[in-house]
**Student:** 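Mind looking over this structure? Questions follow.
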Amino acid sequence: MAEILDGKRVAQALHERVEAQLRRVAGRGRLKLSVVLVGDHPASASYVRGKQRTAEKLGLDGEVHHLPESVTEPELLGLIDRLNADPQVDGILVQLPLPPHIDERTVIERIAPEKDVDGFHPLNVGRNLAGVPAVWPCTPAGIMAMLDFYGISVAGQHAVVVGRSNIVGKPMAQMLLQADATVTVCHRKTQSLTEYTRRADILVVAAGVPGLIRGDDIKPGAVVVDVGIHRVNGTITGDVAFDEAARVARAITPVPGGVGPLTVAMLMVNTVRLGLRRRGWGGDVL
Ligand code: ADP
């Protein structure tokens with residue numbers, strides 16, 4: 001049986017690093033994360049609550065701006081402008097998806113790059129691509145922290161990423177590349193996906209398809225990271241058929257309890273990193 005990569009344990013370790021930095025600067029003021037939620041998408045509302053709760057548990061100010069579904073794009077941009085200009089706000093996150101009458105690109109590009117905790121602003125995407133320090137998107141950054149925590153070496157390994165979204169797949173592939181993996185990216189148009197996945201030493205699956213990856217698709221001894229999260233017949237499952245995969249893999253993330261907690265923990269890390277940098281308080285979390 002594969003080793004279970006416990007996202008909650010890694011998240012705890014990241015939380016401790018965040019708390020250490022917050023203790024160090026406690027005399028100077030509090031750092032603040034501002035989350036913007038538009039409408040009443042139930043999953044989004046629960047993600048936002050989780051983010052706010054974690055922020056406050058760690059000693060960050062967590063503020064939620066909940067706007068109605070009917071908010072106009074100029075109104076939303078106006079709020080972002082105010083948060084950009086507010087010296088007390090260290091990180092700004094706009095929960096996606098946004099309603100169809102609002103252009104996500106316009107909104108993402110309006111966030112001040114130095115407060116962009118998701119790392120989605122094109123300036124930060126470009127900096128990351130060029131290897132200039134910026135914060136990386138939370139999910140792939142959390143996965144890299146997990147590989148590090150469990151002593152899984154990446155350099156020289158063949159990493160296969162299934163999915164090429166801007167949020168997960170693309171930045172994941174870049175992070176693995178910068179950690180000296182040989183990287184293959186698969187997507188919807190990939191022919192014979194299994195031929196690629198079977199050659200992965202590290203397999204990261206972020207396709208949004210329940211049970212896409214079966215035991216047979218995995219190289220014996222591989223490390224398998226499942227980013228998917230789905231409710232199927234009342235149970236939560238991922239993009240990987242866990243029981244089969246766990247018999248073949250060396251290590252695997254469960255769903256839930258794998259990648260999910262890491263994403264939120266990394267959001268806290270990014271908020272504190274950006275806050276320390278912007279305020280000139282020195283130090284870093286990682
Ligand atoms: P996420 O936010 O988890 O990255 P998205 O739905 O934004 O999910 O993106 C899904 C990605 O997965 C896309 O890049 C798509 O090409 C890829 N994908 C979807 N279905 C398959 C499939 N059957 N095989 C390989 N890749 C797939």
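On a predicted model such as this, the values are computed, not experimentally measured, just so you know. Nothing fancy with the numbering, it's 1 onward along the sequence. Counting starts at 1 for both ligands and their atoms, in listed order.
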**Student:** Against heavy atoms of Ala206, which atoms of ligand 1 measure under 4.0 Å?
**Tutor:**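 Close to Ala206: 3 (O), 4 (O), 10 (C), 11 (C), 12 (O).
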**Student:** Any idea which protein heavy atom is nearest atom 27 (C) of ligand 1, and the distance to it?
**Tutor:** Arg188 N, 3.6 Å
**Student:** Salt bridge (charged side-chain N to carboxylate O under 4.0 Å, His left out), that's the test. Do Arg277 and Glu114 meet it? Break it down for me.
**Tutor:** CA-CA 9 Å; Arg277 221 176 280 173; Glu114 70 274 16; over 6 Å; no
**Student:** What residue and atom, counting heavy atoms only, is the protein's closest point to atom 12 (O) of ligand 1, and at what distance?
**Tutor:**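 Result: Ala207 CA, 3.2 Å.
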**Student:** In terms of hydrophobic clustering (I, L, V, M, F, W, Y; side-chain heavy atoms under 4.5 Å; direct or indirect links), are Val205 and Leu262 co-clustered?
**Tutor:** no
**Student:** Tell me which protein heavy atom sits closest to atom 26 (N) of ligand 1, plus the residue, atom name and distance to 0.1 Å.
**Tutor:** His187 C, 3.1 Å
**Student:** Do me a favour and list the nearest non-hydrogen protein atom to atom 17 (C) of ligand 1 with residue, atom name and distance?
**Tutor:**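 Sorting protein heavy atoms by distance from atom 17 (C) of ligand 1 puts Gly163 CA, 3.8 Å first.
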**Student:** In the protein, which heavy atom is nearest to atom 13 (C) of ligand 1, and how far is it?
**Tutor:**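 For atom 13 (C) of ligand 1, the nearest protein heavy atom comes out as Arg164 N, 3.9 Å.
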**Student:** Short list, please: which atoms of ligand 1 are under 4.0 Å from a heavy atom of Val168?
**Tutor:** 4 (O)
**Student:** In the single-linkage hydrophobic clustering (I, L, V, M, F, W, Y; side-chain heavy atoms under 4.5 Å), do Ile108 and Tyr47 co-cluster?
**Tutor:** no
**Student:** Any protein heavy atom at under 4.0 Å, with atom 6 (O) of ligand 1 as the reference point?
**Tutor:**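 When distances to the protein are checked, atom 6 (O) of ligand 1 has no heavy atom within 4.0 Å.
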**Student:** Tell me, yes or no, whether the heavy-atom count around Phe120 atom CZ, taken from other residues, nucleotides or ligands under 6.0 Å, exceeds 12.
**Tutor:**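 Yes, CZ of Phe120 has more than 12 neighbouring heavy atoms, counting only those of other groups under 6.0 Å.
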**Student:** Is a side-chain donor-acceptor pair under 3.5 Å present for Gln21 with Arg24?
**Tutor:** yes
**Student:** Look at atom 2 (O) of ligand 1 and say which protein heavy atom is nearest, naming residue and atom and giving the distance to 0.1 Å.
**Tutor:** Ser165 OG, 3.8 Å
**Student:** Find out whether Val223 and Leu5 are in side-chain contact, i.e. whether some heavy atom of one side chain is under 4.5 Å from a heavy atom of the other.
**Tutor:** yes
**Student:** Please confirm whether Val162 comes under 4.0 Å of ligand 1, counting heavy atoms of the residue only.
**Tutor:**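 Yes.
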**Student:** Among all the protein's non-hydrogen atoms, which is closest to atom 20 (N) of ligand 1, and how far away is it?
**Tutor:** Val209 CG2, 3.5 Å
**Student:** Which residue holds the protein heavy atom closest to atom 22 (C) of ligand 1, what is that atom called, and what is the gap in Å?
**Tutor:**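 Going atom by atom, the protein heavy atom closest to atom 22 (C) of ligand 1 ends up being Leu212 CD2, 4.0 Å.
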**Student:** Nearest heavy-atom pair of Val10 and Phe149: which atoms, and what distance?
**Tutor:**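 Heavy-atom minimum between the residues: CG2-CD2, 3.7 Å.
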**Student:** Just to verify, which of Gln52, Arg30, Lys32 counts as forming a side-chain hydrogen bond (donor to acceptor under 3.5 Å, both in side chains) with Asp61?
**Tutor:** Arg30
